[in-house]
Amino acid sequence: MESSTFLTVNDQSISLAQALEYLQLPGKLQPFLAEILQQYILDQELKARDDLEINSALTEQAVIDFRLERQLSDPAKFQAWLASNGIDYASFHRRIAADFKLEKLRDQITAPKLQEYFIERKIFLDQVVLSRIVVADKEVADELYSQIEEGDRFEPLAQEYSLTDDRSFNGMMGPVSRGELPDTIRALVDLANPGELVGPVEVEGQYCLLRVEQFLPASLDSQVKQELQNQLFEQWLAEKMEKMTVKLHVS
């Protein structure tokens with residue numbers, strides 16, 4: 001086999017240069033290289049830090065849990081699974097340990113910024129449950145507002161008059177991110193109490209009546225914490241990549 005051969009397909013050689021060209025044509029080369037660079041950064045970072053050692057018992061328990069969850073407790077089945085994935089037990093064990101180290105690295109990098117980032121992103125994490133009636137004419141919106149204020153029920157009016165698909169659900173929009181609301185609507189909604197009617201508000205040439213159902217303020221629980229940590233870690237990786245000098249050598 002020639003030294004320049006990267007793959008063989010039906011006994012035909014594909015060089016590394018040709019493989020990269022195949023990736024470049026459909027626009028897949030950049031993501032491919034980005035993945036390599038990310039793995040390089042992580043590998044270098046894990047090697048450089050001496051405070052990421054993982055308790056071996058933790059790794060062993062993770063291996064046991066993995067096998068139990070996938071019904072691989074039988075040694076023969078587990079060996080077959082390893083073979084089908086092209087790895088041996090030692091490589092699998094190292095991968096589990098590396099995952100723990102990577103998680104610990106992520107925690108160390110993101111911990112100093114997490115609280116500040118949560119506050120910064122809170123407007124997008126906070127949610128409000130809204131119902132709405134959307135009509136084309138302001139006069140109709142004003143009349144509906146008056147009817148509701150005088151005691152008519154919101155739900156049948158939404159079913160009859162609203163132009164949006166959620167009229168089938170009595171106008172219920174469900175939870176909406178506060179940060180994704182138009183500024184004019186968010187300002188009014190933030191001042192309202194649950195059950196209060198807001199509007200009419202013009203949005204893209206139509207008029208909305210909104211009823212505030214419930215506020216769902218975000219907290220830094222485990223799910224939100226993990227989501228924000230992942231975002232911060234991706235930002236850290238991107239910043240590392242921006243500072244790298246990369247040259248592609250293909251003969």
Heavy-atom side-chain proximity of [X] to [Y] below 4.5 angstrom:
X: Val189; Y: Phe215; result: yes
X: Lys240; Y: Glu45; result: yes
X: Asp166; Y: Val134; result: no
X: Leu232; Y: Ile109; result: no
X: Gln214; Y: Pro175; result: no
X: Thr110; Y: Trp236; result: no
X: Gln235; Y: Lys113; result: no

Task: Residues Asp183 and Arg186 bridged, charged N to O under 4.0 Å - done: yes
Task: Derivation and outcome, side-chain contact (heavy atoms from CB on, under 4.5 Å), residues Met244 and Ile41 - done: CA-CA 10 Å; Met244 299 174 72; Ile41 291 169; 3.6 Å; yes
- [ ] Give a yes or no on this: more than 12 heavy atoms of other residues, nucleotides or ligands lie within 6.0 Å of atom CD of Gln147.
- [x] yes
- [ ] Determine whether more than 12 heavy atoms belonging to other residues, nucleotides or ligands lie under 6.0 Å from atom CG of Asp165.
- [x] no
TODO: Walk me through it: do Met172 and Asn170 pass the test side-chain contact (heavy atoms from CB on, under 4.5 Å)?
DONE: CA-CA 6 Å; Met172 175 72 76; Asn170 299 324; 5.5 Å; no
- [ ] Kindly say whether Thr164 contributes a backbone atom to a donor-acceptor pair with the side chain of Arg167 at under 3.5 angstrom?
- [x] yes
Task: Donor-acceptor contact below 3.5 Å, side chain Asp74 vs main chain Ala76 - done: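 At least one qualifying donor-acceptor pair exists.
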First locate atom [atom1] of [X], then atom [atom2] of [Y], and finally report the distance between them rounded to the nearest 0.5 Å.
X: Gln30; Y: Leu23; atom1: CD; atom2: CG; value: 11.5 Å
X: Gln206; Y: Asp137; atom1: CD; atom2: CG; value: 10.0 Å
X: Leu228; Y: Gln115; atom1: CG; atom2: CD; value: 10.0 Å
X: Leu248; Y: Leu20; atom1: CG; atom2: CG; value: 6.0 Å
X: Asn230; Y: Arg106; atom1: CG; atom2: CZ; value: 5.0 Å
X: Gln229; Y: Asp107; atom1: CD; atom2: CG; value: 5.0 Å

Open item on the list: Show me the pairs that pass ring-ring contact (aromatic ring centres under 6.0 Å, His included) and involve residues 58-92, at least two apart or across chains.
Closed with: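 Every pair satisfying ring-ring contact (aromatic ring centres under 6.0 Å, His included) with a residue in residues 58-92: Phe66-Trp81, Phe66-Phe92, Phe78-Phe92, Trp81-Phe92, Tyr89-His93.
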Over all heavy atoms of both residues, which pair between [X] and [Y] is shortest? Give the atoms and the distance, please.
X: Pro200; Y: Asp142; value: CG-OD1, 3.3 Å
X: Phe100; Y: Ala62; value: CE1-CB, 3.4 Å
X: Ala19; Y: Phe6; value: CB-CD2, 3.6 Å
X: Phe124; Y: Gly179; value: CE2-O, 3.4 Å
X: Arg132; Y: Ala158; value: O-CB, 4.1 Å
X: Ser73; Y: Leu68; value: CB-CD2, 4.2 Å

Give a yes or no on whether [X] and [Y] share a hydrophobic cluster (residues Ile, Leu, Val, Met, Phe, Trp, Tyr; joining criterion: side-chain heavy atoms under 4.5 Å apart).
X: Val203; Y: Leu181; result: yes
X: Ile96; Y: Ile87; result: yes
X: Leu237; Y: Val246; result: yes
X: Leu37; Y: Leu46; result: yes
X: Tyr40; Y: Leu102; result: yes

TODO: Would you please name every residue forming a salt bridge (Lys or Arg N to Asp or Glu O under 4.0 Å) with Lys47, sequence neighbours left out?
DONE: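 Salt bridge (Lys or Arg N to Asp or Glu O under 4.0 Å) list for Lys47, sorted by chain: Asp43.
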Open item on the list: The criterion is salt bridge (Lys or Arg N to Asp or Glu O under 4.0 Å); which residues satisfy it with Arg70, sequence neighbours excluded?
Closed with: none
- [ ] Name all residues meeting the side chain to side chain donor-acceptor pair (under 3.5 Å) criterion together with Glu234; count only those two or more places apart in sequence or in a different chain, and write none if there are none.
- [x]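 Here no residue qualifies.
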Task: Where at least one partner belongs to residues 205-231, residue pairs that pass salt bridge (charged side-chain N to carboxylate O under 4.0 Å, His left out), sequence neighbours excluded - done: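 Every salt bridge (charged side-chain N to carboxylate O under 4.0 Å, His left out) pair that includes a residue of residues 205-231, provided the two are not neighbours, is Glu155-Arg211, Arg211-Glu213.
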Open item on the list: Which residue is it: Ile185, Leu130, Leu191, Leu210? I am looking for the one with a side-chain contact (heavy atoms from CB on, under 4.5 Å) to Val198.
Closed with: Leu210
TODO: Apply side-chain contact (heavy atoms from CB on, under 4.5 Å) to the pair Ser91 and Arg94, showing each step before the final yes or no.
DONE: CA-CA 5 Å; Ser91 299; Arg94 286 195 298 270; 3.1 Å; yes
Task: side-chain contact (heavy atoms from CB on, under 4.5 Å) evaluation trace for Val212 with Glu196 - done: CA-CA 6 Å; Val212 178; Glu196 288 186 0; 5.5 Å; no
- [ ] Tell me who clusters with Tyr145, hydrophobic residues only, linked when side chains sit under 4.5 Å apart either directly or through other members.
- [x]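 Noted: Tyr145 shares its cluster with Ile133, Val135, Val140, Leu144, Ile148, Phe154, Leu157, Tyr161, Leu197, Tyr207, Leu209.
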